[in-house]
Structure formats: C-alpha cells, structure tokens
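First the structure, in the form of structure tokens, and then the observations on it.
Given the structure is predicted, the values throughout are model-derived calculations rather than measurements.
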Amino acid sequence: MKKPINYLLLLILISSCGLQKDVDKTGQTSQHLKTLPYTHMALEDLSDFKPTSKNWQIVSDAVVNTSKKRSISGVDGIGVLLNNSDRTSRKNIFTNFEHGDIELELDVMMPIGSNSGIYLQGRYEIQLFDSWNVKEPTYSDMGAIYQRWDKTAEKGKQGYEGHPPTINAAKAAGLWQHIKIKFNAPTFDEKGNKTKNAKFDEVWLNGVLIHKNIEVTGPTRAAAFKTETSMAPIMIQGDHGPVAFKNIKYKLHKK
C-alpha cells in the first residue's frame with residue numbers, strides 16, 4: 001500500500017509545482033503589463049518643445065544669486081531647462097507631446113522672489129513660487145493649485161477654487177525641489193459634453209503629499225486656453241520670473 005501512496009503524493013507534488021509555476025508566470029506578466037515606463041526628456045536641446053522665445057535655453061546647471069531677487073544663471077552644457085525672462089523675451093513654453101491622464105515628475109529650482117507655473121494640458125496650474133518659510137501657504141504658494149478667475153464677478157471675488165498645499169514643503173531658493181503629479185484629464189461624451197472634471201489625484205512636493213483628489217472645474221487663471229479638451233500639451237510659464245528644471249519624466253496613460 002505504501003508504493004501507490006508514494007506515487008500519488010509524487011503526482012500531486014509535480015502537479016502543484018507546475019500550477020505554481022503558471023501562477024507565477026501569470027503574476028509576472030500581469031505585473032509587467034501594469035508597469036508603464038517613464039519617458040525621459042533628455043534636454044539636450046529644445047526639440048521636446050514647440051518654438052518659443054530666447055528666454056528658454058538648455059544649460060548643464062543653474063545657479064541662484066541668493067543676495068538678489070529673481071536672479072539665476074546657467075552653466076554651459078545640457079540637461080537643464082532654464083527660463084531667464086526679461087521685458088523683451090518672456091514667452092511660455094509648450095511640450096511637443098499632448099497628454100490626457102499623466103504622471104509627471106521633475107526637479108525645479110526657484111530664485112528668490114520668483115514665480116512660475118506648470119499647466120497640465122496648458123490649463124490647470126500647479127504654482128511654482130519661492131515660498132520658503134511661509135507659515136500659512138495660500139493658493140499662490142509653492143505647489144498650490146492656482147485659483148480660477150471670473151473677471152465679471154464683483155471686485156475681490158473674481159478669484160475662486162484656489163487650493164493651497166496642505167503643508168508648506170517648499171525648500172529655500174536656489175535648491176532643487178522635486179515635484180510629482182498624478183493628473184486625470186477631463187472626459188467628454190460623443191457630443192463633446194464634459195462628463196467628468198479634470199482632477200489632480202496626487203501632488204507631491206519634496207516627498208510630502210500636498211494634494212489628494214482635487215477636482216478642477218475649469219482652466220485656472222492665466223491658462224493658455226479657455227475651453228477644455230481631452231488631450232493637450234503641458235505649458236510652463238515663462239512670463240512671471242526665472243526658473244530652472246531638470247530630470248523631467250512622464251507616463252502617458254490611455255483610458
């Protein structure tokens with residue numbers, strides 16, 4: 001009786017090993033399909049962006065003058081996107097690619113007193129500002145979702161739906177700061193009617209979660225477009241002050 005039992009146990013063992021192998025393979029395949037790689041912007045030149053004015057250039061590093069407001073300079077080379085705007089050259093810059101749902105990560109450097117913004121789809125702004133040591137951040141501080149604007153409203157009430165960061169996680173001017181954004185684009189039906197608002201799933205600043213599940217009912221102030229759409233480029237503000245970026249990478253998600 002022992003031999004048949006041993007054979008039976010052996011068959012069960014072989015069968016279970018094979019089954020486990022298949023499960024592992026399936027798990028690996030499933031995990032592989034769920035893992036979308038980042039696309040990195042090389043920043044060897046401005047070919048990742050639409051043509052703009054000369055305030056935008058590629059350098060190898062950025063240096064902030066901490067004794068002077070809104071002062072930044074670049075070091076010759078590649079790898080860093082620098083905006084050094086002045087009165088004659090201060091246009092915004094747009095990516096060549098368009099996006100719907102997206103994960104975006106980058107490093108940014110703010111000079112003293114400077115101001116810029118990252119506009120998802122050219123419409124919904126994550127504010128960039130020198131907010132070091134601000135005790136109670138508002139919609140205009142670093143990492144905030146900037147307010148919308150109704151110029152027909154009563155004076156003092158034109159701005160609305162601004163979302164300050166939950167905490168001020170900004171670093172001092174002249175230091176590289178890391179931003180991570182998970183954004184859901186608005187959706188539309190076959191007739192073009194909006195069925196879902198744009199939403200910032202998460203916004204992280206320097207490793208701190210500062211926004212979660214924030215809907216935006218329309219374009220924020222100073223957006224490049226008044227209407228909404230499912231696909232559009234990222235815009236970086238170039239007319240408010242100098243700023244530098246590096247390590248820009250993104251994942252484009254399809255619905």
Side-chain angles (χ1 to χ4, degrees), residues 28-53 55-62 74-75 77-83 91-110 116-128 142-143 145 176-188 196 198-214 216 219-220 223-225 228-238 243-255:
Q28 288 173 2
T29 302
S30 176
Q31 184 62 35
H32 175 73
L33 292 174
K34 289 179 181 179
T35 304
L36 182 68
Y38 277 102
T39 297
H40 294 254
M41 301 179 83
L43 300 180
E44 296 177 353
D45 51 37
L46 291 173
S47 60
D48 288 317
F49 303 92
K50 299 180 187 298
T52 187
S53 53
N55 52 302
W56 293 99
Q57 56 185 296
I58 298 297
V59 296
S60 67
D61 201 359
V75 179
I78 61 173
V80 173
L81 175 67
L82 175 68
N83 170 46
K91 287 187 177 180
N92 302 326
I93 195 168
F94 293 81
T95 59
N96 277 332
F97 72 86
E98 295 189 342
H99 72 88
D101 297 351
I102 187 173
E103 291 181 53
L104 174 68
E105 288 194 50
L106 53 81
D107 295 323
V108 60
M109 181 186 290
M110 302 301 302
S116 184
I118 303 165
Y119 286 75
L120 282 298
Q121 296 196 320
R123 291 166 170 83
Y124 317 100
E125 182 185 10
I126 295 297
Q127 170 77 335
L128 303 178
M142 185 70 172
I145 298 171
W176 286 107
Q177 308 192 55
H178 188 71
I179 293 177
K180 181 177 181 178
I181 301 167
K182 292 183 179 181
F183 173 82
N184 280 345
T187 59
F188 302 84
K196 188 180 293 186
K199 185 176 72 168
F200 288 94
D201 278 353
E202 294 179 357
V203 180
W204 296 75
L205 175 61
N206 299 322
V208 178
L209 180 63
I210 58 172
H211 296 292
K212 188 174 179 64
N213 296 327
I214 303 294
V216 186
T220 50
F225 313 99
E228 295 181 280
T229 186
S230 57
M231 296 289 291
I234 292 171
M235 181 186 85
I236 302 175
Q237 206 167 38
V243 63
F245 301 89
K246 68 177 182 178
N247 299 328
I248 305 174
K249 60 182 182 178
Y250 58 90
K251 297 180 182 182
L252 300 180
H253 296 273
K254 295 181 179 179
K255 291 186 183 293

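The two residues Thr95 and Pro233 come nearest to each other via the heavy atoms O-CB, 3.4 Å. Closest approach of Gly100 to Met231, counting heavy atoms only: N-SD, 3.3 Å. Scanning all heavy atoms of the two residues, the minimum distance from Gly143 to His211 falls at O-NE2, 2.9 Å. Across every non-hydrogen atom of Asp101 and Ala185, the tightest pair is OD1-N, 2.8 Å. Scanning all heavy atoms of the two residues, the minimum distance from Pro186 to Gln121 falls at CD-OE1, 3.4 Å. Annotation for Met235 and Gly122: closest pair CB-CA, 3.9 Å, computed over non-hydrogen atoms.
By the 4.5 Å heavy-atom criterion applied to side chains, Ile145 and Ile126 are counted as neighbours. Between Ile214 and Val203 there is no side-chain heavy-atom pair separated by less than 4.5 Å. The closest side-chain heavy-atom distance from Asn83 to Ile236 is not below 4.5 Å. Looking at heavy atoms from C-beta onward, Ile58 lies out of side-chain contact with Val80 at the 4.5 angstrom threshold. Side-chain atoms of Phe200 and Val216, non-hydrogen and from C-beta on, do get closer than 4.5 Å to each other. Side-chain atoms of Phe183 and Tyr124, non-hydrogen and from C-beta on, do get closer than 4.5 Å to each other. Between Leu128 and Gln177 there is no side-chain heavy-atom pair separated by less than 4.5 Å. Under the 4.5 Å side-chain criterion, counting only non-hydrogen atoms from C-beta, Met142 is in contact with Val108.
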Run the side-chain donor-acceptor check on residues 40-47: report pairs under 3.5 Å with partners two or more places apart or on a different chain.
unit_1, atom_1, unit_2, atom_2, d
Asp45, OD1, Ser47, N, 2.9
Asp45, OD1, Ser47, OG, 2.5

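The distance from atom CD1 of Ile234 to atom OH of Tyr119, rounded to the nearest 0.5 Å, is 13.5 Å. A distance of 5.0 Å separates CZ of Phe49 from CD1 of Ile93, quoted to the nearest 0.5 Å. Summarising the geometry, atom CD belonging to Gln57 is positioned 9.0 Å from atom CG belonging to Leu81; distances are rounded to the nearest 0.5 Å. Here the CG atom belonging to Leu106 is positioned 11.5 Å from the NZ atom belonging to Lys246, to the nearest 0.5 angstrom. Atom NE2 of His99 sits about 4.5 Å away from atom CG of Leu120, to the nearest 0.5 Å.
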Show the numbers, then the answer: is there a side chain to side chain contact (heavy atoms under 4.5 Å, CB included) between Val243 and Met109? CA-CA 6 Å; Val243 63; Met109 181 186 290; over 6 Å; no
Determine whether Ile102 and Phe97 satisfy the following criterion, side chain to side chain contact (heavy atoms under 4.5 Å, CB included), listing intermediate values before the conclusion. CA-CA 12 Å; Ile102 187 173; Phe97 72 86; 4.2 Å; yes
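For residues 199-209, the pairs satisfying salt bridge (charged side-chain N to carboxylate O under 4.0 Å, His left out) are Lys182-Glu202, Lys199-Asp201, Glu202-Lys212, with sequence neighbours left out.
At distances below 3.5 Å, at least one donor-acceptor pair connects side-chain atoms of Thr52 with backbone N or O atoms of Asn92.
For the side chain to side chain contact (heavy atoms under 4.5 Å, CB included) test, residues two or more places apart in sequence or in another chain that qualify with Thr39 are Tyr250. Residues satisfying the side chain to side chain contact (heavy atoms under 4.5 Å, CB included) test with Asp61, not counting sequence neighbours, are Val75, Trp176. Legend: residues meeting side chain to side chain contact (heavy atoms under 4.5 Å, CB included) with Lys251, ordered by chain and number and at least two apart, are Leu36, Tyr38, Glu103, His253. In this structure Ser53 satisfies the side chain to side chain contact (heavy atoms under 4.5 Å, CB included) test together with Asn55, Ser89, Lys91, sequence neighbours excluded.
In summary, the side chains of Asp107 and His178 do present a donor paired with an acceptor at a separation below 3.5 Å, with no hydrogens or angles considered.
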